[in-house]
S.K.: 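This is the structure I want to talk about, given as structure tokens.
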Amino acid sequence: MRLLVTGGAGFIGSAVVEAALAKGWDVRVLDSLDPQIHPQPPRLDPRVELTVGDTADPAAVRGALTGIDAVCHQSAKVGLGVSFADAPDYVRNNDFATAVLLAAMEQSGIRKLVLASSMVVYGEGAYLDPVSGQPVRPGPRLVADLEAGMFDPRNPSTAEPLIPAMVTEAARLDPRNVYAASKVSQEHLVSSWARAVGGEAIALRYHNVYGPMMPKNTPYAGVASLFRSAISRGEAPQVFEDGLQRRSFIHVRDIASANIFALEALQDGYGRQFGAYNVGADAPQTIGDVARALSTFSHAPAPVVTGRFRLGDVRHITASSELIKKELRWRPLVGFDEGMREFALAPLRGDEE
């Protein structure tokens, strides 16, 4: 297979590239090499063909697509961001750039695409009423509750705190911040492209990805990277709310393997225009669990639970990954303790430069 990986010099993209090379595929990377993300030239495998360019630039994309069989679209602006002022940048780098890519793919006759999507498309995760056991969709958490230390969403009808459950792909999409809205838009664009051109596409809804070479010291990185960055500065990790927020932390190598399984499904004839899959760990962990594990494995100060909160954060979101296991035969292989022990001692992106 001749594969183009957009954002292939980045944290997840480079792991996908490594996994694709291990399959014996020919790999081309399209990456802008933004100096804010790559202060030094990336260390790419010499087998990789690097095209330096912006995914929002039609000319760069058309050139990168020459001779390609399938595209793995990892390029994106990620994270919750700093404020709504980030909105134009999210729309340009995520939605507009995806539209440019899809238009160029149509012109180039390329009909197979894997999209890096995200758990954030769901907003709050799945919840059950504590009395009836029935599913309940909560509204946004109230500022008054958050200020009072009441962090769990309430049943809108009874005001009772809800019980978190595992979210499936059948859940309604409910983006609650700019980044989430941009990822929903990406999925809709890709689905529309597949219908319009007769293509096949798979969206992988990543849950909390972590692992070696995560970006360092940036508000756009994941919480695991923020904890590691604090530890590398000799500081205790600062845990928001009460630390009991549930997430599905998934190692970057498992994310890379999910992309390979998806690409192989497309190569073998997926038979569907568009499919979306959760990609998460087998068991949920809390954010506090992650902070404690990283502090323990790196012999750092114990985490500090601050009680602080950010509007736009969701309380609990944990994935059921049963669908991708059933349909694509993928499953995660890196356990939580194994992955966190490695991550606690591995460099972040920026440490090696």
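It should be emphasised that the depicted structure is a prediction, and the values quoted were computed from it without experimental measurement.
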S.K.: Look at the side chain of Ser191 and the backbone N and O of His188, then say whether any donor-acceptor pair between them is shorter than 3.5 Å.
M.R.: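 Answer holds: no.
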
S.K.: For Asp26, is there an ion pair with Arg28 - N to carboxylate O distance below 4.0 angstrom?
M.R.: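 So Arg28 does not pair with Asp26 through a salt bridge.
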
S.K.: For the side chain of Ser248 and the backbone of Ala281, is there at least one donor-acceptor N/O pair under 3.5 Å apart?
M.R.: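 Yes, Ser248 side chain to Ala281 backbone: donor-acceptor pair under 3.5 Å.
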
S.K.: Less than 4.5 Å apart, any side-chain heavy atom of Val290 and any of Phe336?
M.R.: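 The answer is yes, as the side chains (C-beta and beyond) meet within the 4.5 Å cut-off.
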
S.K.: Just to verify, what does Arg247 make a salt bridge (charged side-chain N to carboxylate O under 4.0 Å, His left out) with, not counting sequence neighbours?
M.R.: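 Testing Arg247 for salt bridge (charged side-chain N to carboxylate O under 4.0 Å, His left out), a comparison that skips the adjacent residues, returns none.
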
S.K.: Do side-chain atoms of Gln245 reach the backbone of Gly243 as a donor and acceptor pair under 3.5 angstrom?
M.R.: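 The answer is yes, because a donor-acceptor pair under 3.5 Å joins these two groups.
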
S.K.: Between Arg253 and Glu18, does any NZ, NE, NH1 or NH2 come within less than 4.0 Å of an OD or OE carboxylate oxygen?
M.R.: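 Result for this pair is no, no salt bridge flagged.
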
S.K.: Ile68, Met1: one ILVMFWY side-chain cluster at the under-4.5 Å cut-off?
M.R.: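 As far as the 4.5 Å side-chain criterion goes, Met1 and Ile68 are not connected within one cluster.
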
S.K.: State, yes or no, whether a side-chain contact exists between Lys77 and Val178 at a heavy-atom distance under 4.5 Å.
M.R.: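 In short, these two side chains do not touch, never coming nearer than 4.5 Å.
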
S.K.: Charged N to carboxylate O under 4.0 angstrom, Asp69 versus Lys112?
M.R.: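 A salt bridge is absent here (no side-chain N lies under 4.0 Å from a carboxylate O).
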
S.K.: Is there a path of hydrophobic side-chain contacts, each under 4.5 Å between heavy atoms of I/L/V/M/F/W/Y residues, joining Val5 to Val61?
M.R.: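 No, Val61 and Val5 fall in different hydrophobic clusters.
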
S.K.: As a quick check of understanding, evaluate side-chain contact (heavy atoms from CB on, under 4.5 Å) for Gln267 and Leu263, giving each step before the final call.
M.R.: CA-CA 6 Å; Gln267 188 179 37; Leu263 287 161; over 6 Å; no

S.K.: Indicate the atoms forming the closest heavy-atom contact of Ala302 with Ala236, along with that distance.
M.R.: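 Taking Ala302 first and Ala236 second, the nearest heavy atoms are O-CB, 3.2 Å.
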
S.K.: Could you walk me through whether Tyr179 and Asp86 pass the side-chain contact (heavy atoms from CB on, under 4.5 Å) test, one step at a time?
M.R.: CA-CA 9 Å; Tyr179 171 56; Asp86 288 322; over 6 Å; no

S.K.: Between Ile202 and Leu204, what is the shortest heavy-atom contact and its length?
M.R.: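 Closest approach of Ile202 to Leu204: CG2-CD2, 3.8 Å.
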
S.K.: Checking Tyr90 against Asn177 for the side chain to side chain donor-acceptor pair (under 3.5 Å) test, could you report, in this order, the C-alpha distance in whole Å, the side-chain angles of both residues, the deciding distance, and whether it holds?
M.R.: CA-CA 11 Å; Tyr90 277 108; Asn177 56 56; over 6 Å; no

S.K.: Hey, are Asp152 and Arg246 close enough for a salt bridge, meaning a charged N less than 4.0 Å from a carboxylate O?
M.R.: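 Looking at Arg246 together with Asp152, the answer is no, because their closest N to O distance does not fall below 4.0 Å.
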
S.K.: Can you check side chain to side chain donor-acceptor pair (under 3.5 Å) on Asp95 and Thr98, steps first, answer last?
M.R.: CA-CA 5 Å; Asp95 304 335; Thr98 298; 5.8 Å; no

S.K.: Is there a donor-acceptor contact under 3.5 Å from the side chain of Arg315 to the main chain of Glu124?
M.R.: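 Pair absent, no side-chain N/O of Arg315 close to backbone of Glu124.
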
S.K.: Set out, in order, the CA-CA distance, both residues' side-chain angles and the distance that settles salt bridge (Lys or Arg N to Asp or Glu O under 4.0 Å) for Asp54 and Arg92, then state yes or no.
M.R.: CA-CA 11 Å; Asp54 190 338; Arg92 180 193 181 279; 2.5 Å; yes

S.K.: Hey, is the main chain of Gly271 close enough, under 3.5 Å, to the side chain of Glu200 for a donor-acceptor pair?
M.R.: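 Checked: pair present.
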
S.K.: If the test is side chain to side chain contact (heavy atoms under 4.5 Å, CB included), which one of Val252, Val78, Asp254 qualifies with Val209?
M.R.: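 The single option meeting the side chain to side chain contact (heavy atoms under 4.5 Å, CB included) with Val209 is Val252.
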
S.K.: State the OG-CG distance between Ser132 and Asn155, to the nearest 0.5 angstrom.
M.R.: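 Between Ser132 OG and Asn155 CG, I get 7.5 Å after rounding to 0.5 Å.
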
S.K.: Grab the two heavy atoms, one from Leu30 and one from Gly53, that are nearest each other, plus how far apart they are.
M.R.: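 Taking every non-hydrogen atom into account, CD1-O, 3.6 Å.
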
S.K.: Do Asn93 and Ser75 come within less than 4.5 Å of each other through their side chains, counting heavy atoms only?
M.R.: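 No - every pair of side-chain heavy atoms lies 4.5 Å or more apart.
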
S.K.: Answer yes if the ring centres of Phe249 and His207 are under 6.0 angstrom apart, and no otherwise.
M.R.: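 Aromatic pair excluded; centres sit 6.0 Å or further apart.
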
S.K.: Side chain of Ser295, backbone of Pro301: donor and acceptor closer than 3.5 Å?
M.R.: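 Yes, Ser295 side chain to Pro301 backbone: donor-acceptor pair under 3.5 Å.
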
S.K.: Do Val48 and Val71 sit in one hydrophobic cluster, given that two such residues count as connected whenever their side-chain heavy atoms are within less than 4.5 Å of each other, even indirectly?
M.R.: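 No; Val71 is not reachable from Val48 via cluster members.
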
S.K.: In plain terms, say whether Glu187 and Arg205 are close enough for a salt bridge, that is, a side-chain N and a carboxylate O under 4.0 Å apart.
M.R.: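 Yes, this pair counts.
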
S.K.: Mind checking the CG-CZ spacing from Asp89 to Phe96? Nearest 0.5 Å is all I need.
M.R.: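 Between Asp89 CG and Phe96 CZ, I get 13.0 Å after rounding to 0.5 Å.
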
S.K.: Can you confirm whether Leu244 sits close enough to Phe151 that some side-chain heavy atom of one is under 4.5 Å from a side-chain heavy atom of the other?
M.R.: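 Contact flag for Leu244/Phe151 side chains = no.
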
S.K.: Is any side-chain heavy atom of Asn208 closer than 4.5 Å to a side-chain heavy atom of Met119?
M.R.: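 With C-beta onward as the side chain, the pair touches.
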
S.K.: If every non-hydrogen atom of Gln74 is compared with every non-hydrogen atom of Ala116, which pair is closest and at what distance?
M.R.: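 Looking at all heavy atoms of both residues, the shortest contact is OE1-CB, 3.4 Å.
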
S.K.: Just by modelled atom types, is the Ser117 backbone N or O under 3.5 Å from a matching donor or acceptor in the Gln186 side chain?
M.R.: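 Checked: no pair found.
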
S.K.: How close do Leu328 and Ala265 get, heavy atom to heavy atom, and via which atoms?
M.R.: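 Closest heavy-atom pair between Leu328 and Ala265: CD2-CB, 3.7 Å.
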
S.K.: Side-chain contact test, heavy atoms from C-beta onward, threshold under 4.5 Å: evaluate it for Val136 versus Pro156 and give yes or no.
M.R.: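 Sidechains of Pro156 and Val136: in contact.
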
S.K.: Can you confirm whether Glu327 sits close enough to Arg272 that some side-chain heavy atom of one is under 4.5 Å from a side-chain heavy atom of the other?
M.R.: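 Yes, close enough: below the 4.5 Å cut-off.
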
S.K.: What's the verdict on side-chain contact (heavy atoms from CB on, under 4.5 Å) for His73 and Val190, showing C-alpha distance, side-chain angles and the deciding distance?
M.R.: CA-CA 11 Å; His73 185 29; Val190 168; 5.9 Å; no

S.K.: Could you walk me through whether Leu113 and Trp193 pass the side-chain contact (heavy atoms from CB on, under 4.5 Å) check?
M.R.: CA-CA 10 Å; Leu113 172 72; Trp193 165 85; 4.1 Å; yes

S.K.: Hey, any chance Val184 and Val167 share a hydrophobic cluster, counting ILVMFWY side chains that come within less than 4.5 Å of each other, even indirectly?
M.R.: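 Yes, it is one cluster - the side chains of Val184 and Val167 are joined through contacts under 4.5 Å.
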
S.K.: Once you round to the nearest 0.5 Å, how far does CG of Asn278 lie from CD1 of Ile324?
M.R.: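 With rounding to 0.5 Å, CG (Asn278) is 8.5 Å from CD1 (Ile324).
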
S.K.: Evaluate the ring planes of Tyr210 and His251, with Trp represented by its six-membered ring, and classify them as parallel (under 30°), tilted (30 to 60°) or perpendicular (over 60°).
M.R.: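 Plane angle over 60°, so perpendicular.
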
S.K.: How many angstroms lie between CD1 in Ile231 and CG in Leu294, if you round to the nearest 0.5 Å?
M.R.: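 Ile231 atom CD1 to Leu294 atom CG measures 5.0 Å (nearest 0.5 Å).
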
S.K.: Just wondering, do Ser321 and Trp330 contact through their side chains at under 4.5 Å, heavy atoms?
M.R.: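 Trp330 reaches Ser321 side chain to side chain.
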
S.K.: Mind checking the NZ-OH spacing from Lys183 to Tyr206? Nearest 0.5 Å is all I need.
M.R.: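 Answer rounded to 0.5 Å: 8.0 Å.
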
S.K.: Would you say that more than 12 heavy atoms from the other residues, nucleotides or ligands in this model lie under 6.0 Å from the CZ of Arg331, or not?
M.R.: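 Count not over threshold, so no.
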
S.K.: Any link between Val279 and Val114 through a network of hydrophobic side chains (Ile, Leu, Val, Met, Phe, Trp, Tyr) touching at under 4.5 Å?
M.R.: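 Yes: a chain of side-chain contacts under 4.5 Å links Val279 to Val114.
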
S.K.: So which atom in Cys72 and which in Val16 form the shortest heavy-atom distance, rounded to 0.1 Å?
M.R.: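 Smallest heavy-atom distance, with atoms named: SG-CG1, 3.9 Å.
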
S.K.: Return the CZ to CZ distance between Phe343 and Arg228, rounded to the nearest 0.5 Å.
M.R.: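 The distance works out to 5.5 Å.
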
